[in-house]
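First the structure, in the form of structure tokens, and then the observations on it.
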Amino acid sequence: MSSQATVERLIELGFTQYEAQAYLGMLGAPPMTGYALSNLTGIPQPKVYETLRRLARKGVAVSLEGKPTRFAALPPQQMLAQLDVSFRRRLADAEVGLMREFGTGQEELRVMATLRDWPLVEGRALELLDTAERHVYVSINCDEPAATLAAVRRLDARGIRSDVLSFDKEPLQLRHGRVVRHVTTEGVVYRHHQARHIAIVVDGWRVLWALAPAGNDWE
């Protein structure tokens, strides 16, 4: 990676242009004065000591006692670890501030992924089921349930409990869990109802809920 590309990566991590240049200029070099660093990097002398003090406050450079004061850069691993600690501290402070402002008892708006056709919905369902570790709940009423039910059978073979509400006419046998067939399977209720759905809860926290009110308009 070129020096300019590295400068740009450091800027993305929160460095200014001068801070990135100064850090790279000191990296791997003996402790140096601001004057020497200015000559090496081209950072204007009026700016170089201010830049070095900011790097010291960030904890990614250290000033060494003596006259004149010399500065040294932390090795990259230590610098990145220090930035990580600083970021996590600021993130925690922001979380505390937001909780104080908005609390936890108010209505919450969350953004969820929306899948618009059955192959995408089915693909997500199989991905969830194949990564289950403890327990799944499945309610499925669709025109092509075979792949999803096969995934449930694979879970059963792995000894993972599945509780299934099935609208399929073919019985599903499980050793670990239970299968309940919905009464509409027999055409008793909503004989001509076209709505389709699939609902999956994996290990108590990962969820897929998809509905097709007219039979094929999945969401």
Side-chain angles (χ1 to χ4, degrees), residues 12-14 80-81 83-190 193-219:
E12 290 171 359
L13 290 174
L80 292 171
L83 288 182
D84 183 59
V85 169
S86 175
F87 175 77
R88 290 176 185 275
R89 183 173 61 249
R90 286 183 282 116
L91 189 65
D93 290 343
E95 182 178 10
V96 170
L98 289 170
M99 290 301 100
R100 285 174 179 167
E101 289 288 335
F102 299 103
T104 56
Q106 299 184 21
E107 183 177 350
E108 204 174 338
L109 176 64
R110 297 190 179 188
V111 179
M112 294 186 295
T114 299
L115 308 174
R116 294 294 185 182
D117 58 56
W118 173 248
L120 290 175
V121 173
E122 182 182 57
R124 182 59 177 152
L126 298 181
E127 177 187 337
L128 285 173
L129 291 171
D130 284 339
T131 57
E133 297 179 353
R134 297 186 305 276
H135 173 263
V136 301
Y137 166 83
V138 179
S139 176
I140 181 168
N141 177 20
C142 67
D143 297 329
E144 301 173 11
T148 303
L149 296 180
V152 173
R153 292 188 183 95
R154 289 196 295 272
L155 292 179
D156 196 52
R158 287 168 47 202
I160 294 175
R161 179 180 175 86
S162 301
D163 292 317
V164 181
L165 176 61
S166 175
F167 292 72
D168 193 29
K169 293 181 179 180
E170 296 297 325
L172 177 66
Q173 302 294 329
L174 297 177
R175 290 177 298 166
H176 307 281
R178 60 178 178 168
V179 179
V180 177
R181 296 183 70 235
H182 198 280
V183 66
T184 57
T185 303
E186 309 300 337
V188 176
V189 182
Y190 301 126
H193 195 24
Q194 298 300 308
R196 299 290 184 265
H197 79 270
I198 182 170
I200 296 176
V201 181
V202 173
D203 295 335
W205 67 281
R206 288 184 296 160
V207 177
L208 171 68
W209 165 246
L211 178 68
N216 55 15
D217 51 336
W218 287 93
E219 180 173 336

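All heavy atoms count here, side chains included; hydrogens, waters and symmetry mates do not. Quantities reported herein were computed from a predicted structural model and do not represent experimental measurements.
- Within the 4.5 Å cutoff, the side chain of Val138 has heavy atoms near those of the Leu129 side chain.
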Next on the checklist: Please determine whether side-chain contact (heavy atoms from CB on, under 4.5 Å) holds for the pair Ser166 and Leu172, giving the CA-CA distance in whole Å, both sets of side-chain angles, and the decisive distance to 0.1 Å.
Outcome noted: CA-CA 8 Å; Ser166 175; Leu172 177 66; 5.5 Å; no
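- In this structure, Leu115 and Leu120 approach most closely via the heavy-atom pair CD1-O, 3.6 Å.
- Summarising the geometry, atom CD1 belonging to Ile200 is positioned 9.5 Å from atom CZ belonging to Arg124; distances are rounded to the nearest 0.5 Å.
- With respect to Arg88 and Asp84, a salt bridge is recorded, a charged nitrogen being found less than 4.0 Å from a carboxylate O.
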Checklist entry - Going through the distances and angles, do Glu219 and Asp217 end up as a side-chain contact (heavy atoms from CB on, under 4.5 Å)? => result CA-CA 7 Å; Glu219 180 173 336; Asp217 51 336; over 6 Å; no
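- Taking each heavy atom of Ile198 and Ala125 in turn, the nearest pair found is CD1-CB, 3.9 Å.
- Here the closest non-hydrogen pair linking Arg178 and Asp163 is CG-OD1, 3.1 Å.
- Ring orientation note: the planes of His197 and Phe167 are nearly perpendicular, at an angle over 60° on the 30°/60° scale.
- By the salt bridge (Lys or Arg N to Asp or Glu O under 4.0 Å) test, Glu12 pairs with Arg9, sequence neighbours left out.
- In terms of heavy-atom proximity, Arg196 sits nearest to Cys142 at CD-CA, 3.6 Å.
- A distance of 7.0 Å separates CG in Leu80 from CG in Leu13, rounded to the nearest 0.5 Å.
- The structure places CG of Leu208 at 11.0 Å from CD of Glu122, a figure rounded to the nearest 0.5 Å.
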Checklist entry - Are Val136 and Leu128 close enough, and set up right, to give a side-chain contact (heavy atoms from CB on, under 4.5 Å), and what steps lead you there? => result CA-CA 9 Å; Val136 301; Leu128 285 173; over 6 Å; no
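- Taking every heavy atom of both residues into account, Ala195 and Asn141 meet most closely at O-ND2, 3.4 Å.
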Checklist entry - Going through the checks in order, is the side-chain contact (heavy atoms from CB on, under 4.5 Å) test met by Asp93 and Arg89? => result CA-CA 6 Å; Asp93 290 343; Arg89 183 173 61 249; 4.1 Å; yes
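- Listed by first and then second residue, the side-chain hydrogen bond (donor to acceptor under 3.5 Å, both in side chains) pairs involving residues 148-160 are Asp130-Arg154 (not counting sequence neighbours).
- Looking at every heavy atom in both residues, His135 comes nearest to Ile160 through N-CG2, 3.9 Å.
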